[in-house]
There are 2 protein chains.
Amino acid sequence: MTLRQDIHSSGIPVPCLSCEARRRGVCGALEPDDLAQLAKTSSRHNIEPGVELIGDAEAVDCYSNVLSGVVKLTKSLSDGRQQIVGLQFAPDFLGRPFKMKSAINAEAATAVSLCSFPRAAIERMMKQSPEFVHRLLKQALNELDEAREWMVTLGRKTAPEKVASFLLMIARNIDSNVDPAAMSACFELPMTRADISDFLGITNETVSRQLTSLRMDGVIRIENNRRVTVDSMSRLERRCGGRGAIAV
Amino acid sequence: MTLRQDIHSSGIPVPCLSCEARRRGVCGALEPDDLAQLAKTSSRHNIEPGVELIGDAEAVDCYSNVLSGVVKLTKSLSDGRQQIVGLQFAPDFLGRPFKMKSAINAEAATAVSLCSFPRAAIERMMKQSPEFVHRLLKQALNELDEAREWMVTLGRKTAPEKVASFLLMIARNIDSNVDPAAMSACFELPMTRADISDFLGITNETVSRQLTSLRMDGVIRIENNRRVTVDSMSRLERRCGGRGAIAV
DNA sequence: CGCCACGTTGATAATGATCAAACCATGTGG
DNA sequence: CCACATGGTTTGATCATTATCAACGTGGCG
């Protein structure tokens, strides 16, 4: 009864109540009315690792919130060389407004759950809720910052620095319960060595070598290929190359 | 007479009348009233090459439209390694909404003219004009696409491919009067070899070698270090590595 | 004139790619 | 249960690309 009343008074659709996308994602911009309208057309999906979500040069007919898991965004050259140009974690918004065709490929790196909306529903929401567009802008600018951060890594860091930077980034994104100042962290890598190499612009052999090098030096422990423990975050940080921004 | 009436009825501020930012930039989103309001606080500046526009970790107190020239956005590691993470041409919007401090450095690569607005004016415009936010989103997404395109270049292309890709990008951006299908193009490089190397994640020596290699092969001519003529666009394209997107 | 910043060219070294083989965990069918 | 295939991973040997170091050219400018 209390529950029903809560729902009634707040007007927030039940599946949205505990959704991360409402707390930190784009849905946080929406009034209960808008949210209810959007929720009517939404659908949840559980995706297996490796499944392609958006094909390159494919028409985009839906947008999604990432609720859990990791999605990798890739671009490929015609001779097969591939580059991962972004990773999306919950509660990121997946999809490219204003473009009919996607120029990138989205694929589930881990098991992923999505909350998907038809294209038209998102477009309507963009028309009727300025705050929603505002949120989309914020997310786009964050992704832009991240992309540029990785451009520095791709263009100017050595292989050891690249791998260290990658581990640090994953540690900070995957395990949100680990606070940034923590001494150590333990987590599952969300992708294979080959994926990591496509992310860092190096070969999987080099990734492997750098990981064993970090292991030999006692910076990390590798439990079973995927599971990694960082014993000393500060030592890992020191291997990421110079600080991103020049100290003031 | 007809002209005066146009101006009067449209109510567009005089300096904005022939401004590229109104035709293709963010100001195109604004109604005459908004435009007039914004124009009151705007100021134009001519900047010399090499002048820093936004310092890393510096408070951002104004936003600008690029009216002419090229602005380079850079990020640096503390040991001096530098990466150019973006180039802005007219009529791009310069500045990072929602953040007090810039994480990147903006510097005039060529002579640049700007139309600048105080921070508060832009924030007000974002509140009162949803269409303006809409445009900012579009620009941010375009910059994101470009950044990701360059991630592929940085991570997966060889030095010769990088230099060819760079020339192609410049040819397409600088000389907007050259239609994309043109056979040849002639333009001024907007930056030094060192800048180009910071953009491509290679050394200036390598840039130089690849340029002479292209010159030897008759793909380009180098008039005087800065001035370049591409004799055959198609041959240049063929040296950029596989097509960005896999053909359908 | 000679300085200075930028650019080119050459010789050598190092980083990371490539090729190849072995390894390991996992799942499958005899 | 074990042989065996499979995909991902590790490790080693060798090679290629590109960085580094150094010298020289060139054009503008006090």
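Lettering follows sequence order; numbering is per chain, from 1.
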Roughly, in whole Å, what's the span from [atom1] in [X] to [atom2] in [N]?
X        : N      : atom1 : atom2 : value
B:Glu161 : D:dT17 : CD    : P     : 12 Å
A:Arg215 : D:dT11 : CZ    : C1'   : 11 Å
A:Ile220 : D:dT9  : CD1   : P     : 13 Å
B:Asn204 : C:dA5  : CG    : P     : 15 Å
A:Leu200 : C:dA17 : CG    : P     : 10 Å
A:Asn224 : C:dT26 : CG    : C1'   : 12 Å
A:Asp79  : C:dT18 : CG    : P     : 11 Å
B:Glu205 : D:dA23 : CD    : C1'   : 12 Å

### Query
Base, sugar-phosphate alone, or nothing: which one does B:Ile202 contact when heavy atoms must sit under 4.0 Å apart?
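Sugar-phosphate, backbone atoms only, no base.
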Among [options], the one nearest [X] by side-chain distance:
X        : options                : answer
B:Asn225 : C:dG7, D:dT9, D:dG12   : C:dG7
B:Ala159 : C:dT8, D:dT11, D:dT18  : D:dT18
B:Pro160 : C:dT18, D:dT18, C:dT9  : D:dT18
A:Thr203 : D:dC21, C:dA17, D:dA19 : C:dA17
A:Thr158 : C:dA20, C:dG16, D:dT18 : C:dG16

### Message
Which is more 5' along DNA chain D, the nucleotide nearest A:Arg209 or the one nearest A:Arg226? Just name the residue.
### Response
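Here A:Arg226 is the residue nearer the 5' end.
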### Partners meeting salt bridge (charged side-chain N to carboxylate O under 4.0 Å, His left out) with A:Arg22 (sequence neighbours left out)
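Scan of A:Arg22 (salt bridge (charged side-chain N to carboxylate O under 4.0 Å, His left out), adjacent residues dropped) gives none.
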Salt bridge check, [Y] against [X]: does any charged N sit closer than 4.0 Å to a carboxylate O?
X        : Y        : answer
A:Asp198 : A:Lys72  : no
B:Arg239 : B:Asp217 : yes
A:Arg172 : A:Glu237 : yes

### Query
Toward the 5' end of DNA chain C, which comes first, B:Leu211 or A:Gln210, by nearest nucleotide?
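Per heavy-atom nearest nucleotide, the more 5' residue is B:Leu211.
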### Query
Between C:dA17 and A:Thr206, is there an OP1 or OP2 to side-chain N/O distance shorter than 4.0 Å?
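So the side-chain polar atoms of A:Thr206 do come within 4.0 Å of the phosphate oxygens OP1 or OP2 of C:dA17, strictly under.
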### Query
Is any side-chain N or O of A:Arg193 closer than 4.0 Å to OP1 or OP2 of D:dG8?
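The answer is no; no side-chain N or O of A:Arg193 sits under 4.0 Å from OP1 or OP2.
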#### Entry: Sidechain-backbone polar pair: B:Gln83 side chain, B:Phe199 backbone, donor-acceptor under 3.5 Å
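Judged by distance alone, yes, a pair lies under 3.5 Å.
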